J.: 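Sharing a structure below in structure tokens format, with a few things to ask.
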Amino acid sequence: MATEQVVLGGWQHKDTTKTARMAYNTVNKLLFYKKVINLVQQHYIPEVTTYKGIYVKYVNPEYPMSYKTFMKIMATPVDKELKELLQNQ
């Protein structure tokens, strides 16, 4: 695949293929997910607190999102996906 040089927003990018951009966006998304999961882990007490309670009190004020998105983040195997992405780059 030939690399082409494209100017986007004043910056020059050598490889602007869709897969390169998607991988970069996916890594950032997973790093964001990791921040949310770490916030939950700081406040979660097994058999005492609930995800809903932590979402309302800590997550939503800091990172506004729907509860459905929050649960999707909590179900994502972030470390595994990050490891796979970084190995493939």
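Since this is a predicted model, take the numbers as computed values, not measurements. Positions are given from 1 along the sequence.
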J.: As an exercise, state the distance from OG1 of Thr76 to CE of Met71, rounded to the nearest 0.5 Å.
T.: 10.5 Å

J.: Enter the distance from Lys83:NZ to Leu30:CG here, rounded to the nearest 0.5 Å.
T.: 14.5 Å

J.: Enumerate, atom names and distances included, each donor-acceptor pair closer than 3.5 Å involving a side-chain atom of residues 38-45, sequence neighbours excluded.
T.:
from, atom 1, to, atom 2, distance (Å)
Asn38, ND2, Lys34, O, 3.3

J.: For residues 56-66, tabulate all N or O donor-acceptor pairs below 3.5 Å that involve a side-chain atom, not counting sequence neighbours.
T.:
from, atom 1, to, atom 2, distance (Å)
Asn60, OD1, Met65, N, 3.1
Ser66, OG, Thr69, N, 3.1
Ser66, OG, Thr69, OG1, 2.9

J.: Name all residues meeting the ring-ring contact (aromatic ring centres under 6.0 Å, His included) criterion together with Phe70; count only those two or more places apart in sequence or in a different chain, and write none if there are none.
T.: Tyr55, Tyr67

J.: To the nearest 0.5 Å, what is the distance between CD1 (Ile73) and NZ (Lys35)?
T.: 12.0 Å

J.: Side-chain contact, heavy-atom cut-off 4.5 Å: Lys72 with Tyr33?
T.: yes

J.: So, do Leu82 and Leu31 sit near enough that their side-chain heavy atoms are less than 4.5 Å apart?
T.: yes

